[in-house]
Amino acid sequence: MRMSNLLSQTLREAPSDAEIPSHQLLVRAGYIRQLAAGIFTAMPLAKRSLTKIEDIMREEMDAIGGQEMTMPVVHPAEIWKATGRWEKVGPEMGRFQDRNGRDMVLAMTHEEAVVAIIKDEIQSYRQLPMLIYHIQTKWRDDPRPRGGLIRVREFTMKDSYSLDRDWAGLDLQYANHYQAYFRIFGRCKLPVIAVESDVGMMGGNMAHEYMYLTPVGEDTLLLCDECGYSANRQIAKFQKKSASTEKAKKLKKVATPAAKTIADLIEFLKIPEYQTAKVVFMMAVIQDGNVEKEKLIFAIVRGDMDLNETKLMNAVGAKQLRPAEESEIISVGAVPGYASPIGLKGILVVVDDLIPDSPNLVAGANEDGYHLMNVNYGRDFIADVVTDITAARDGDACPNCSAAMKAVRGIEVGNIFKLGPWYSEAVGATYQDADGEEKPVVMGSYGIGSGRLLASVVEEYNDEYGLLLPISVSPYEVHLVELAGGKKESKEIKETAEKLYQDLKKAGIEVLFDDRDESPGVKFNDADLIGIPLRLTVGHRVLKEGGIETKLRSESEKNIIPLDQAVDNTKETIRRLYDQVEKSLKTVEFES
RNA sequence: CGGGGUGUAGCGCAGUUGGUAGCGCGCCGCGUUUGGGACGCGGAGGUCGACGGUUCAAGUCCGUCCACCCCGACCA
């Protein structure tokens, strides 16, 4: 590709609304342009990088038996109604009507499209197991896109779906993906860790997220350096210790005027934070038979801890959760700021499992200006559910080995999910087993967003001058710079560079040729910004010595090689760069 | 949806007490220059986010709305 004809302009300054490095650099280097919030155009450079990433995904999916297909982006609402997600998913889903007034959906994921196909196509156990995948656009109307390509509304995703007779088959395909995903990220040279994640509403019994650790990430993870435990904060467990072993004392009402928060309370009563009980009011949508009901939940955690809403949702089987309005709290007889479940009826009480081990807590008296001291679980109140509902924090004890865990930020670059038979059952996607019985297909789903992966690679590999792409992800393998200038040798330089460009192409090398009439400074700076790993320079300085200059983007050292060896030498360097990627791959076994 | 911020040329920005819009980069032409973002001369490019109001006069004052960014909520 000649840069004189490339649709891509580099910018000296990043747009002021780009904050994180990958966003700034991808825009400055001419890879992407923004059209609207969370909607981007991939310019020719980005398109080539994305294609490389997607080809890596293809190869790794094919290697574990995947077959590529393409499922539609626009779906009739019926298939989403069949799984219940037409109602369940909120405004995040794109909906419109076609010219006949028929409800349509912009796909945000493709489980529905998969079961719509397999319902008709899979009839016998002889067809299973199977693995299908596609690389397709998704639309998710996220309330807050951010960070350039990190979190967008329209994006391309490789999603695969495993189809099996039973859970054992799913376990195998899941383990295959677990390894294949490490290979995909490894080939993109992106360091990732796999952490356990929330299975959410999808049922199933296991999910992992692949996280690239970076401060610009939006998920919080808990990691244990001692034993390797790792989990998304949404589900991270930790060891809790009771702060006190004292005997239960007599319940006592105390006046605590204007002490509505835990901070006020401990200041006023001169007690430690851990000796208080914090009530968090949430409204949860809970399925009760065939009807959905909204219920008020009293979630109680110790005053020094935070409620983990994901854990709470899982504890009560809630479909949705939101903070309760003050009026909703008052309507059950509780007094905001002075609330507790003591003496109240008809509410759903969920307490953290540490509460029964925490004697003599201070809790609200359900009376304006008063709290109760020496509240004890069991004696003074009981809960409908006692389970772990608190959020793990930096420094908390590892659930396996008790060592202090670290809380770090990460970007979710991929996830794998054991769905089970849920979707198949919902739409009657069954197969006939060897015993003659109709059984639902057991599914798994697995996703990697290609744009987010590219952004993460850029986030990992950049310096003050620009991108430093691994060759496996770089839009071109070689950046050829011609410095013809106005010298008397310029004709010779131009011709030499042109011939080298043609020879490199003939040798099957992907070349970006800077044939523009620009000053050396401009060309070198643009080359650094675009970040192709290998740069070749044809200029009078080195041509005098019968050679051309080579330089790796990642190193400052420059070498001169004879012109007649330029193609072979370049091939060799490229091969070495690919080898380095291959050698850095580690096999990661899946341990269940 | 709550909090904060920003909207003036492709990008970054300035614009005074309200008086009819400017700078740098980029872009076009000519010339000089040519190994780390050159220089001179000439030029193109703006319904100042939108709508409404105040005023003789609005980029500037007032109101409403919209878009975009950041934090939070949310996130199959």
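Computed from heavy atoms alone, side chains included, the values below leave out hydrogens, waters and symmetry copies. Protein chains get the first letters and strands the later ones, always in sequence-line order, with residue 1 at the start of each.
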Quick test of your reading of the model: are [X] and [Y] salt-bridged, counting only N-O distances below 4.0 Å?
X: K81(A); Y: E112(A); answer: no
X: K237(A); Y: D388(A); answer: no
X: D463(A); Y: R553(A); answer: yes
X: R153(A); Y: D142(A); answer: no

Atom-pair distance ([atom1] on [X]; [atom2] on [N]), nearest Å:
X: R153(A); N: A67(B); atom1: CZ; atom2: C1'; result: 11 Å
X: L529(A); N: C25(B); atom1: CG; atom2: C1'; result: 15 Å
X: N232(A); N: C74(B); atom1: CG; atom2: P; result: 13 Å
X: Y465(A); N: G36(B); atom1: OH; atom2: C1'; result: 9 Å
X: M443(A); N: A76(B); atom1: CE; atom2: P; result: 17 Å
X: E92(A); N: C74(B); atom1: CD; atom2: P; result: 13 Å
X: D17(A); N: C68(B); atom1: CG; atom2: C1'; result: 6 Å
X: I448(A); N: A76(B); atom1: CD1; atom2: C1'; result: 17 Å

Roughly how far apart, to the nearest Å, are [N] and [M] at atom [atom1]?
N: G7(B); M: G12(B); atom1: C1'; value: 14 Å
N: A44(B); M: U32(B); atom1: P; value: 24 Å
N: A73(B); M: U17(B); atom1: P; value: 42 Å
N: A58(B); M: G49(B); atom1: C1'; value: 16 Å
N: A9(B); M: U60(B); atom1: P; value: 15 Å
N: C30(B); M: C70(B); atom1: C1'; value: 47 Å
N: G45(B); M: G29(B); atom1: P; value: 16 Å
N: C27(B); M: C66(B); atom1: P; value: 38 Å

Taking only side-chain N and O atoms of [X], does any of them lie within less than 4.0 angstrom of OP1 or OP2 on [N]?
X: Q34(A); N: C69(B); result: yes
X: R144(A); N: C69(B); result: no
X: S16(A); N: C13(B); result: yes
X: S519(A); N: A38(B); result: yes

Starting at the 5' end of RNA chain B, which residue's closest nucleotide do you reach first, D526(A) or M108(A)? D526(A)
First encountered from the 5' end of RNA chain B, between E218(A) and H540(A):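 Going by which nucleotide is closer to the 5' end, it is H540(A).
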Scan [X] against the nucleic acid and name what it touches under 4.0 Å (heavy atoms): base, sugar-phosphate only, or nothing.
X: V89(A); result: nothing
X: A14(A); result: sugar-phosphate
X: V542(A); result: base
X: G30(A); result: nothing
X: P91(A); result: nothing
X: G485(A); result: base

Considering only side-chain heavy atoms of [X], which listed nucleotide, [options], is closest?
X: D517(A); options: U34(B), G26(B), A76(B); value: U34(B)
X: E19(A); options: C11(B), G37(B), C70(B); value: C70(B)
X: V522(A); options: G26(B), A38(B), C70(B); value: A38(B)
X: R12(A); options: G37(B), C74(B), G36(B); value: G37(B)
X: R409(A); options: G72(B), A76(B), G26(B); value: G72(B)
X: E518(A); options: C71(B), C69(B), C27(B); value: C27(B)
X: P143(A); options: G24(B), G36(B), A73(B); value: A73(B)
X: E309(A); options: A73(B), C71(B), C68(B); value: A73(B)

Would you kindly say whether Y212(A) and R452(A) are connected by a side-chain donor-acceptor distance under 3.5 Å? no
Look at the side chain of [X] and the base of [N], then say whether one donor and one acceptor between them are separated by less than 3.5 Å.
X: R28(A); N: G37(B); answer: yes
X: R140(A); N: A76(B); answer: yes
X: R535(A); N: G36(B); answer: yes

Could you label the plane-to-plane angle of the Y174(A) and H208(A) rings as parallel, tilted or perpendicular, counting under 30° as parallel and over 60° as perpendicular?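 Judged by the thresholds at 30° and 60°, the geometry between Y174(A) and H208(A) is tilted.
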In terms of relative ring orientation, are Y181(A) and Y446(A) parallel, tilted or perpendicular, with 30° and 60° separating the classes? perpendicular
Using a cut-off of 6.0 Å, state whether more than 12 heavy atoms not belonging to Y465(A) lie near its atom OH.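 It does not: Y465(A) OH has 12 such atoms or fewer within range.
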Rounded to the nearest 0.5 Å, what separation is found between the CD atom of E459(A) and the CD1 atom of I150(A)? 5.5 Å
Hey, which of K491(A), K494(A), K523(A) is the one that makes salt bridge (charged side-chain N to carboxylate O under 4.0 Å, His left out) with E482(A)? K523(A)
RNA chain B in dot-bracket, Watson-Crick or G-U pairs under 3.5 Å, [ ] crossing, | other strand? (((((((..((((.....[..)))).((((((.....)))))).....(((((..]....))))))))))))....
CA sep, side-chain torsions, deciding dist, call: F298(A), F281(A), ring pair (Phe, Tyr, Trp, His ring centres under 6.0 Å): CA-CA 5 Å; F298(A) 268 47; F281(A) 302 95; 4.7 Å; yes
